[in-house]
K.L.:
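One structure is given below, represented as structure tokens, and several questions about it will come after.
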Number of protein chains: 2
Amino acid sequence: MLHEEVVGRIRDILLDGEITPGARIPERELCERLQISRTPLREALKVLAAERLVLLLPHRGSRAAKLTDKDMRDLFEVCQGLEALAGELACERITDAEMELIATAHAAMVQHYRERDLIQYYRGNRTIHEAIVAAAGNPVLSGLYASVTARIRRARYVTPMTPQRWALAVQEHEAILNALQRRDSTGLSHILRTHLRHKREEVLQAGFADTDNSDLIRESA
Amino acid sequence: MLHEEVVGRIRDILLDGEITPGARIPERELCERLQISRTPLREALKVLAAERLVLLLPHRGSRAAKLTDKDMRDLFEVCQGLEALAGELACERITDAEMELIATAHAAMVQHYRERDLIQYYRGNRTIHEAIVAAAGNPVLSGLYASVTARIRRARYVTPMTPQRWALAVQEHEAILNALQRRDSTGLSHILRTHLRHKREEVLQAGFADTDNSDLIRESA
DNA sequence: ATCGCTAATTTTGCATTCAAAAATGCGAAA
DNA sequence: TTTCGCATTTTTGAATGCAAAATTAGCGAT
């Protein structure tokens with residue numbers, strides 16, 4: 001099994017919430033499950049710790065990272081900034097093919113909205129944002145974006161969605177597509193900031209992630 | 001020796017340019033030098049690979065990452081975006097104490113400019129940008145910023161500095177301080193973007209980093 | 001002399017092993 | 001009964017050893 005595959009598998013396990021945030025990561029069990037020894041597993045955990053998905057307590061094992069309200073706010077703030085930057089850059093660089101792709105994805109997403117299929121809607125939403133980031137043509141940006149969204153992912157899915165907010169989000173997406181097509185970078189930047197500010201408010205209102213990683217350190221002191 | 005210490009030591013070795021970018025990392029030699037065995041060393045290399053400071057070629061060892069012109073442009077672009085975001089947030093949240101600190105650092109930097117002490121000027125410049133990022137009160141942002149700046153650091157230092165550019169940079173810094181003091185977030189955001197665009201142009205003009213990591217893969221094919 | 005092929009050497013990646021630190025359990029004393 | 005202390009067990013962190021892959025060296029053929 002390739003090194004990256006191990007990291008990917010564990011990342012998926014964490015993102016799927018299979019290991020509760022804050023819970024101890026059962027080293028032995030994962031070894032058996034992935035059919036590897038502790039050496040590559042521990043290497044993978046170190047990588048995931050660098051990504052902030054795993055918390056490493058010296059001599060006290062590793063735990064799945066927990067996110068506080070503050071962490072979530074911070075992550076959304078940065079995500080917002082990255083998406084705005086991506087939007088600006090995408091306006092300068094997006095190809096017709098990429099534009100086409102985003103338009104298609106947008107249409108599909110609107111369709112999911114009409115059918116009130118939240119899961120599919122979310123999937124489409126993510127596809128569009130990722131496509132915009134990709135269209136920015138900046139791998140460094142893509143990498144940071146991927147790392148930030150990975151950390152928010154679970155929270156994003158549990159966001160409660162009222163009909164009003166959903167309608168607003170779709171409306172904002174129309175505006176995003178529009179600005180992109182007009183290559184209006186400053187306009188798009190502004191919309192994206194607003195768009196994500198709304199998302200952020202949803203999450204905070206949901207009161208998700210009300211605990212703190214620092215317990216994990218304190219609790220054993 | 002603590003795990004993080006190993007990562008830190010190797011990171012410093014890389015940032016100091018002690019291992020030429022693109023050069024193979026001598027596993028055995030580093031083991032002797034740090035007085036550790038291969039296991040912790042390899043774990044550290046994996047972490048640094050996650051930070052993109054090290055490139056891991058499966059079955060072909062690890063090398064210090066090399067940066068292409070494109071990589072540099074991408075890094076500066078993102079750095080610019082992060083600094084702009086930090087500036088906006090800092091306007092909302094900066095404390096008087098932090099403001100004071102930045103003002104002091106700015107004065108010191110201007111003094112270094114007057115004395116034409118480039119090294120100290122650079123140091124002061126970095127201090128100010130870091131202080132602005134810190135004032136944004138967003139640890140996620142701080143983390144990403146640290147990782148991006150670490151990757152550009154070497155390039156930043158080799159930037160050739162003409163008197164004109166230097167004067168412009170100082171002028172821009174005056175504007176930054178001014179906008180911060182007025183808590184003018186949109187104005188500051190704009191200035192920071194311009195400021196870093198200038199820096200970026202310097203670097204590109206320097207023709208630094210004209211090679212590509214993909215050689216490292218190709219060269220052994 | 002150069003190119004191609006095979007064998008030896010080196011290096012990488014992983015499993016195993018060993019030592020140290022932390023968690024646990026048990027018993028004694030308050 | 002509760003709490004403190006000690007011994008046992010478990011778990012973590014690192015070193016060593018081993019198998020597989022890649023690099024290098026040597027040899028022969030053209």
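Below, read A as the first sequence line, B as the second, and so on, with proteins coming before strands; counting in each chain starts at 1. Hydrogens, waters and symmetry mates play no part in the numbers below; they use all other heavy atoms, side chains included. All values reported here derive from a predicted model rather than from experimental measurement.
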K.L.:
Who pairs with R52(A) by salt bridge (charged side-chain N to carboxylate O under 4.0 Å, His left out), at least two apart in sequence or on another chain?
P.N.:
none
K.L.:
Dump every N/O contact between nucleotides 5-9 of chain C and the protein below 3.5 Å, one line per pair.
P.N.:
none

K.L.:
Measure from CD on E27(B) to C1' on dA15(D) and round the result to the nearest Å.
P.N.:
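Nearest whole value for this atom pair: 14 Å.
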K.L.:
Only counting residues at least two apart or in another chain, list the ones meeting side chain to side chain donor-acceptor pair (under 3.5 Å) with E43(B).
P.N.:
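Per chain and number, E43(B) pairs via side chain to side chain donor-acceptor pair (under 3.5 Å) with R42(A), K46(A).
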K.L.:
Quick one: salt bridge (charged side-chain N to carboxylate O under 4.0 Å, His left out) partners of D12(A), sequence neighbours excluded?
P.N.:
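In terms of salt bridge (charged side-chain N to carboxylate O under 4.0 Å, His left out), with neighbours along the sequence ignored, D12(A) is linked to no residue.
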K.L.:
With rounding to the nearest 0.5 angstrom, report the CD1 to CG distance, I102(A) to L180(A).
P.N.:
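Between atom CD1 of I102(A) and atom CG of L180(A) there are 5.5 Å.
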K.L.:
Which residue pairs pass the salt bridge (Lys or Arg N to Asp or Glu O under 4.0 Å) test when at least one of the two sits in residues 129-147 of chain A, sequence neighbours left out?
P.N.:
R126(A)-E130(A)
K.L.:
Please name all residues satisfying side chain to side chain donor-acceptor pair (under 3.5 Å) with R11(A), sequence neighbours left out, ordered by chain then number.
P.N.:
E51(A)
K.L.:
Can you tell me the distance, in whole Å, between the CG atom of L57(A) and the C1' atom of dG13(D)?
P.N.:
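Between C1' of dG13(D) and CG of L57(A): 14 Å.
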K.L.:
Please enumerate all residues that pass ring-ring contact (aromatic ring centres under 6.0 Å, His included) together with H112(A), with sequence neighbours excluded.
P.N.:
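H112(A): no ring-ring contact (aromatic ring centres under 6.0 Å, His included) contacts found.
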K.L.:
Expressed as a whole number of angstroms, how long is the span from L56(A):CG to dG13(D):P?
P.N.:
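Going from L56(A) (CG) to dG13(D) (P), I get 7 Å.
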K.L.:
Between P on dT12(C) and CG on L55(B), what's the gap in Å once rounded to a whole number?
P.N.:
14 Å
K.L.:
For E88(A), enumerate each residue passing the side chain to side chain donor-acceptor pair (under 3.5 Å) test, keeping only those at least two apart in sequence or located in another chain.
P.N.:
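Side chain to side chain donor-acceptor pair (under 3.5 Å) list for E88(A), sorted by chain: S189(A), R193(B).
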K.L.:
Once you round it to whole Å, what is the distance between P of dG13(C) and NE2 of H59(B)?
P.N.:
6 Å
K.L.:
Would you say R24(B) places a side-chain N or O within less than 4.0 Å of OP1 or OP2 belonging to dT12(C)?
P.N.:
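R24(B) to dT12(C) OP1/OP2: side-chain N or O found under 4.0 Å.
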K.L.:
Measure from the ring center of H59(B) to the ring center of H3(A) and say whether it is less than 6.0 Å.
P.N.:
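For H59(B) and H3(A), the ring centres are not under 6.0 Å apart.
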K.L.:
Using atom CZ of R60(B) as one end and atom C1' of dA21(D) as the other, report the distance to the nearest whole Å.
P.N.:
10 Å
K.L.:
Using the test salt bridge (charged side-chain N to carboxylate O under 4.0 Å, His left out), find all partners of E5(B) that sit at least two apart in sequence or belong to another chain.
P.N.:
none
K.L.:
Rounding to a whole Å, what distance do you find between R63(A):CZ and dA23(C):C1'?
P.N.:
12 Å
K.L.:
Calculate the interatomic distance between I25(B) atom CD1 and dG13(C) atom P; express it in whole Å.
P.N.:
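Those two atoms, CD1 and P, are 12 Å apart.
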K.L.:
Using a heavy-atom distance cut-off of less than 4.0 Å, which residues of residues 3-14 of chain B contact DNA chain D?
P.N.:
none
K.L.:
Suppose we screen for salt bridge (charged side-chain N to carboxylate O under 4.0 Å, His left out). Which residues come up paired with R9(B), at least two apart in sequence or across chains?
P.N.:
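Here no residue qualifies.
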K.L.:
Check each residue of residues 29-43 of chain B for a non-hydrogen atom within less than 4.0 Å of any atom in DNA chain D, then write out the ones that pass by number, or none.
P.N.:
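When residues 29-43 of chain B is checked for heavy atoms under 4.0 Å from DNA chain D, the hits, listed by number, are I36(B), S37(B), R38(B), T39(B), P40(B).
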